[in-house]
**Q** 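First the structure, then my questions, so here it is.
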Number of protein chains: 2
Amino acid sequence: MYLRYMEGLDESGQQTASSDELAQLCGTTPAQVRKDLSFFGSFGKRGLGYPVHELTEHLREILGLGHAWQVVIVGAGKIGSALAEYRGFRQRGFEVVGVYDKNPDKIGLPWGSSTVRDIALLAEDVKERKVDIAVIAIPSDDAQDVVDRIVSAGIRAILSFVPTQLHTPPHIAVKTVNMAMELEGLSFALTNRAD
Amino acid sequence: MYLRYMEGLDESGQQTASSDELAQLCGTTPAQVRKDLSFFGSFGKRGLGYPVHELTEHLREILGLGHAWQVVIVGAGKIGSALAEYRGFRQRGFEVVGVYDKNPDKIGLPWGSSTVRDIALLAEDVKERKVDIAVIAIPSDDAQDVVDRIVSAGIRAILSFVPTQLHTPPHIAVKTVNMAMELEGLSFALTNRAD
DNA sequence: CTACCTTTGTGAAGTATTTCACAAGCCCCC
DNA sequence: GGGGGCTTGTGAAATACTTCACAAAGGTAG
């Protein structure tokens, strides 16, 4: 989050930013900003604030964004499609190098400059070309099987749009995005707000 | 999350579930499950566990899912499109009643049984037909303007796919889904994992 | 009806996170 | 070069969250 706003400030040419300013941008508190950043080092100058450009670089380094990551998308449906075309990915150094599906009707369909490939080919493909992250946008029922394929292919990070708990070995990094759950959170807020 | 798994157990016909079983499903601990549920009431039976069907109903009630919520989608791009067709929404009682955009090229395009409407018409439309939640999938630059329109139209909950902090009055419920940020979290995990 | 096995609900203890508050450091101006 | 106004970095205090551990029930079998 800090990186997002630092990039914005950097583009706008601002030289320094105080923890107060960052806190306002991010919707948090100055003390929180300082504690968070201090965990990784001492980036600010007392009396001045944080040097915008320098901190941006530091954050990128910390997050491991110094080089491009290779991403495959599994699930050639609507969501997978939207993701594959999402410009934010490439912009931030995530390169979509392949799209896979289980469904024979979808395998072989054109997809950008390539085609949708059979999920069964994933393990082989990964041998040829390094893949760092798999994004899965598939039905819940197929998810565990696909995750197992991903893991045994040697991919160690998964971004999941599947609304069920996935079973993975501990060395696999998993992040889940669950839109239905977010909406239900809003439903709760609407129902229980103090009027 | 509990609701998700309770529904699954209910469909499979299971009568009761222990905190231990729920914890395994959800990837948490039995104590956590019991504390969480106890916040809302005393649903279990000692020695037996939680009655699956009954708890499912309770959770739905707690989350305010007793009736359908009316949702509009703002942003007729790829992501908005994927969202509008996402079956999970309707399945869980979220009804998409309109799609809006700012871009004149997109306004008027057919969309399901309706068409994409001008965001400027939102306030009027809301007077005719109650809208509970706005989902925004638009460029960052347009976001604050659109949010202001949504808020002044009287909508009190927003699900945002915009990667910037939105400025809203405190009585508005906002949830943000930020895919780039999730990927960067994976990048961090891959970079800093203990090998 | 009692003994015993199971599992909840929950204070208390243990961790983790956030906020406070202030010394230390930097810059600028006189 | 020294004083004053800012702002960081960080221990300590406050708050929040998670886990422990056990009494209180419910069920069952004999």
Side-chain angles (χ1 to χ4, degrees), chain A residues 1-3 5-6 9-10 12-59 61-63 165 170 173-176 181 185 188-189 192 194, chain B residues 1-3 5-6 9-10 12-59 61-63 165 170 173-176 181 185 188-189 192 194:
Chain A
M1 186 173 59
Y2 295 132
L3 174 58
Y5 290 105
M6 293 310 290
L9 293 176
D10 196 17
S12 80
Q14 190 169 328
Q15 293 296 307
T16 61
S18 67
S19 56
D20 221 334
E21 186 175 0
L22 281 173
Q24 291 219 310
L25 282 172
C26 301
T28 177
T29 65
Q32 186 71 70
V33 171
R34 295 203 297 276
K35 259 282 196 284
D36 286 349
L37 294 177
S38 77
F39 182 81
F40 294 104
S42 184
F43 305 117
K45 281 203 169 57
R46 296 174 184 218
L48 246 188
Y50 296 91
V52 171
H53 187 74
E54 202 181 310
L55 180 52
T56 308
E57 303 273 283
H58 273 301
L59 290 174
E61 194 62 36
I62 289 165
L63 289 171
Q165 184 76 15
V174 180
K175 294 257 175 188
T176 300
M181 213 129 107
F188 179 71
N192 298 83
Chain B
M1 188 173 58
Y2 296 132
L3 174 58
Y5 290 105
M6 292 309 289
L9 293 175
D10 195 18
S12 79
Q14 190 169 329
Q15 293 297 307
T16 62
S18 67
S19 57
D20 220 333
E21 185 176 0
L22 281 173
Q24 291 219 310
L25 282 172
C26 301
T28 177
T29 64
Q32 186 71 69
V33 172
R34 296 202 297 276
K35 259 283 196 282
D36 286 348
L37 295 178
S38 78
F39 182 81
F40 293 104
S42 184
F43 305 118
K45 280 204 170 56
R46 295 175 186 217
L48 246 187
Y50 296 91
V52 171
H53 187 72
E54 204 182 309
L55 179 53
T56 307
E57 303 273 283
H58 272 301
L59 290 174
E61 194 63 34
I62 290 165
L63 289 171
Q165 184 76 15
V174 180
K175 294 257 174 187
T176 300
M181 213 131 105
F188 178 71
N192 297 83

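Each chain gets a letter, A, B and so on, in the order the sequences are listed, and its residues count up from 1.
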**Q** Can you tell me how far P of C:dT8 sits from CD of B:Glu21, to the nearest Å?
**A** 10 Å

**Q** Would you indicate, yes or no, if D:dT7 has its OP1 or OP2 atom less than 4.0 angstrom from a side-chain nitrogen or oxygen of A:Ser18?
**A** no

**Q** Suppose we screen for side-chain hydrogen bond (donor to acceptor under 3.5 Å, both in side chains). Which residues come up paired with A:Glu61, at least two apart in sequence or across chains?
**A** none

**Q** Enumerate, atom names and distances included, each donor-acceptor pair closer than 3.5 Å involving a side-chain atom of residues 49-56 of chain B, sequence neighbours excluded.
**A**
unit_1, atom_1, unit_2, atom_2, d
B:His53, ND1, B:Asp10, OD1, 3.3
B:His53, ND1, B:Asp10, OD2, 2.7
B:Thr56, OG1, B:Val52, O, 2.7

**Q** Calculate the interatomic distance between A:Phe43 atom CZ and D:dT10 atom P; express it in whole Å.
**A** 11 Å

**Q** Excluding sequence neighbours, so at least two apart, what forms side-chain hydrogen bond (donor to acceptor under 3.5 Å, both in side chains) with B:Gln24?
**A** none

**Q** Does some side-chain heavy atom of B:Met181 sit less than 4.5 Å from a side-chain heavy atom of B:Thr176?
**A** no

**Q** Going by side chain to side chain contact (heavy atoms under 4.5 Å, CB included), name the residues that satisfy it together with A:Ala31, two or more places apart in sequence or in a different chain.
**A** A:Thr29

**Q** Let me have a per-nucleotide readout for nucleotides 12-22 of chain D, 5' to 3', with B, S or -, counting only protein heavy atoms under 4.0 Å.
**A** B-----SBBB-

**Q** Checking B:Asp36 now: which residues fulfil side-chain hydrogen bond (donor to acceptor under 3.5 Å, both in side chains) with it, not counting sequence neighbours?
**A** B:Tyr2, B:Gln32

**Q** Checking B:Phe188 now: which residues fulfil ring-ring contact (aromatic ring centres under 6.0 Å, His included) with it, not counting sequence neighbours?
**A** none

**Q** Is there a side-chain contact between B:Ser19 and the phosphate of C:dT7, meaning an N or O under 4.0 Å from OP1 or OP2?
**A** no

**Q** Between B:Tyr50 and C:dT6, does any side-chain N or O lie under 4.0 Å from OP1 or OP2?
**A** no

**Q** Treating primed atoms plus P, OP1 and OP2 as sugar-phosphate and everything else as base, which nucleotides of nucleotides 25-30 of chain D get B, S or - for protein heavy atoms under 4.0 Å?
**A** BSS---

**Q** By side-chain hydrogen bond (donor to acceptor under 3.5 Å, both in side chains), which residues pair with B:Glu21, not counting sequence neighbours?
**A** B:Gln14

**Q** Can you tell me how far P of C:dG9 sits from CG of B:Leu22, to the nearest Å?
**A** 12 Å

